[in-house]
Amino acid sequence: MLKFYNTRTRSVDSFKPLEGNTVRMYCCGPTVYNYAHIGNLRTYIFEDLLYKTLKRAGYDIIHEMNVTDVGHLTSDGDEGEDKMLKGAEREHKSVLEIARKYEDAFFTDTKALNIRRPDIVCRATEYVQDMIAFVQKLEEKGYAYVSGGNVYFDTAKFKTYGDFAHLDLENLRHGARVDTDDQKRNPTDFVLWFTQSKFENQILTWDSPWGKGYPGWHIECSTMAMKHLGDTLDIHCGGIDHIPVHHTNEIAQSEALLGHRWVNFWLHGEFLTLKNEKMSKSSGEFFTLSLLEKKGYSPLHYRYLCLTAHYRSQLVFSYENMDSAKATYENLKNKVLELKKAKDTPLETDEEKSKAYLDEFNGYLFNDLGTPQALTIIYAVLKDKDLSSAAKLKLIEDFDTVLGLGVSEFKEEKLDIPEEITALAEKRVQARANKDFAQSDALRDEIASLGFEIKDMPQGKYEISKK
RNA sequence: GGCCGGUUGGCAGAAUGGCUUAUGCAGAGGAUUGCAAAUCCUUUUAUACUGGUUCAAUUCCGGUACCGGCCUCCA
């Protein structure tokens with residue numbers, strides 16, 4: 001019934017858990033040296049939709065996500081500084097304080113976006129002993145070697161290295177953008193354990209059989225996923241940028257250790273892009289959720305924008321698009337509020353119609369998370385004349401358990417209207433009754449200049465709202 | 001150089017071998033209103049170019065152009 005695009009097979013495949021009804025899902029999490037940008041957050045919105053869709057289809061899910069607080073912190077600057085260390089120096093805090101600060105910030109952002117917190121959130125620094133054991137096993141099996149003080153994974157020993165990402169190993173431009181490491185046997189080899197830090201003043205280090213050091217980046221995901229979810233995963237997700245390197249390396253080390261396939265379904269979220277530049281933590285304009293909030297958009301406006309595009313399509317970010325998403329979202333909110341106020345009687349057609357809409361909605365969603373099409377069902381429901389308001393509301397609230405737009409929390413905003421405004425409004429009612437429209441308009445302008453908007457209702461009534 | 005993806009209306013973004021190419025935003029017209037706002041109704045506008053397959057292509061295949069992403073920092 002469920003179908004997802006699987007990067008491993010490069011096709012849309014029917015999904016079924018490997019064992020029973022439980023889905024074991026691992027998602028690559030944030031590196032916590034700075035705030036997440038909205039491109040990062042798009043991926044977590046995608047993973048949240050995936051989780052909720054699986055749940056809707058009736059599965060139990062164990063959802064794990066890592067927090068990278070060590071080991072994957074090189075910058076793209078010329079000198080390769082430790083991002084965590086740099087952040088710590090900048091803010092006069094310890095490395096771990098920085099990690100915790102941005103971890104908290106990350107979960108504040110995801111909560112605001114209605115992203116469910118994964119069942120298991122694991123910090124790399126708390127599993128270093130397991131990583132060491134993992135590397136030791138790779139060494140025993142002959143997949144690892146020590147060179148220049150660091151432990152490397154020997155990609156030449158893993159015959160299918162690069163197949164996953166369709167890498168053409170002969171034609172990769174090694175060192176095109178990053179300094180080459182001449183300690184490696186093969187250009188694609190990667191560090192499992194560092195004792196020779198590229199950085200001065202490496203602060204977080206642990207004792208290991210190879211000397212005091214710290215783990216390479218890729219090892220953390222394999223180690224923690226195996227520790228919590230066992231020898232095979234149903235689903236592993238992340239951003240599309242992880243395909244050629246991070247996930248390729250995870251597969252190499254995990255399958256080298258296990259001797260069998262590690263992950264059944266690989267799902268990857270496409271990038272949020274900017275018109276003329278790259279969305280990046282380390283260059284260009286840095287778009288955070290709080291920046292959007294400063295500009296007058298709510299986190300859920302952004303979530304709505306993400307839903308309008310399929311997760312495997314690049315989505316171009318612009319304020320024009322944000323405005324559109326915001327307008328749509330606010331319209332939707334008003335319509336839902338009207339449904340909540342409406343007191344009409346149920347219709348005979350309700351049940352049958354509701355089921356048809358539900359099936360249609362699920363059909364789109366279960367087909368590789370077709371959120372753009374699923375959204376159209378909301379508007380079909382709203383326009384349907386053969387559905388009662390109660391039935392419409394019930395449907396939309398049900399859709400929202402996946403979409404996460406906060407429908408059940410939509411409330412009429414109780415405004416504290418200053419007496420001054422109420423007085424002006426009452427004065428205006430009088431003016432209108434006397435057909436003194438010049439004064440009436442002047443009063444409306446005055447109310448507007450004080451930041452309130454007045455709408456006339458039938459029978460001389462009015463509504464005041466904040467501008 | 002290699003790998004991956006894309007090009008649909010003013011904007012975003014779906015879908016499809018034939019039937020009016022969704023939906024939202026924006027625009028236009030109308031209803032309503034003293035005028036507005038809100039709401040409701042109606043509505044204009046699009047498949048990059050080029051060969052091929054086919055009774056029929058926007059859809060499938062090939063080529064061209066352009067765009068984006070990645071090639072060991074990235075979601």
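The sequence lines fix the lettering, A, B, ..., with proteins before strands; numbering per chain opens at 1. Small disclaimer: the values here were computed from a predicted structure and weren't measured.
Nucleic acid contact for A:G269: none, since no nucleic acid atom lies under 4.0 Å from a heavy atom of the residue. Counting any heavy atom pair closer than 4.0 Å across all strands shown, A:H310 reaches sugar-phosphate atoms only and no base atom.
For A:K335, there are no salt bridge (Lys or Arg N to Asp or Glu O under 4.0 Å) partners, not counting sequence neighbours. In terms of the side-chain contact (heavy atoms from CB on, under 4.5 Å) criterion, residue partners of A:D386 (sequence neighbours excluded) are, by chain and number, A:T349, A:K353, A:D384.
Put simply, A:S313 has no side-chain N or O that comes within less than 4.0 Å of OP1 or OP2 on B:G68. Remark: A:N321 is not in phosphate contact with B:A12, judged by side-chain N or O atoms under 4.0 Å from OP1 or OP2. Within the structure, every side-chain polar atom (N or O) of A:H166 is placed at least 4.0 Å from both OP1 and OP2 of B:C3.
B:U72 sits 29 Å from B:C66 when the C1' atoms are compared, rounded to a whole Å. Taking the P atoms as reference points, B:U47 lies 14 Å from B:C19, given to the whole Å.
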Detail all sub-3.5 Å separations between protein N/O atoms and N/O atoms belonging to nucleotides 20-24 of chain B.
from: B:G24; atom 1: OP1; to: A:K383; atom 2: NZ; distance (Å): 3.1
from: B:G24; atom 1: O2'; to: A:T328; atom 2: OG1; distance (Å): 2.4

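Interface residues of residues 108-124 of chain A facing RNA chain B, ordered by number: none; criterion, heavy-atom separation under 4.0 Å.
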Side-chain donor-acceptor pairs under 3.5 Å in residues 369-383 of chain A, sequence neighbours left out?
from: A:T371; atom 1: OG1; to: A:L307; atom 2: O; distance (Å): 2.8
from: A:T376; atom 1: OG1; to: A:Q373; atom 2: O; distance (Å): 2.5
from: A:Y379; atom 1: OH; to: A:Y304; atom 2: OH; distance (Å): 2.8

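Nearest-nucleotide mapping onto RNA chain B: of A:N249 and A:E270, the residue sitting toward the 5' end is A:N249.
Within 3.5 Å, a donor on the side chain of A:R444 pairs with an acceptor on the base of B:A36, or the reverse. One cannot find a donor-acceptor pair under 3.5 Å joining the base of B:C11 and the side-chain atoms of A:D323.
Between the side chains of A:R56 and A:N362, at least one donor N or O lies within less than 3.5 Å of an accepting N or O.
Per the stacking criterion (ring centres < 5.5 Å, plane angle < 30°), A:Y44 does not stack onto the base of B:A75.
You'll find the ring centres of A:Y143 and A:Y152 outside the 6.0 Å limit.
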- side-chain hydrogen bond (donor to acceptor under 3.5 Å, both in side chains) between A:D13 and A:S11, intermediate numbers included: CA-CA 6 Å; A:D13 299 338; A:S11 62; 2.7 Å; yes
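Pairing analysis of RNA chain B (Watson-Crick: purine N1 to pyrimidine N3 plus N6-O4 or O6-N4; G-U wobble: N1-O2 and O6-N3; both under 3.5 Å) yields stems of 3 or more pairs at B:1-7 with B:65-71, B:10-12 with B:23-25, B:27-31 with B:39-43, B:48-52 with B:60-64.
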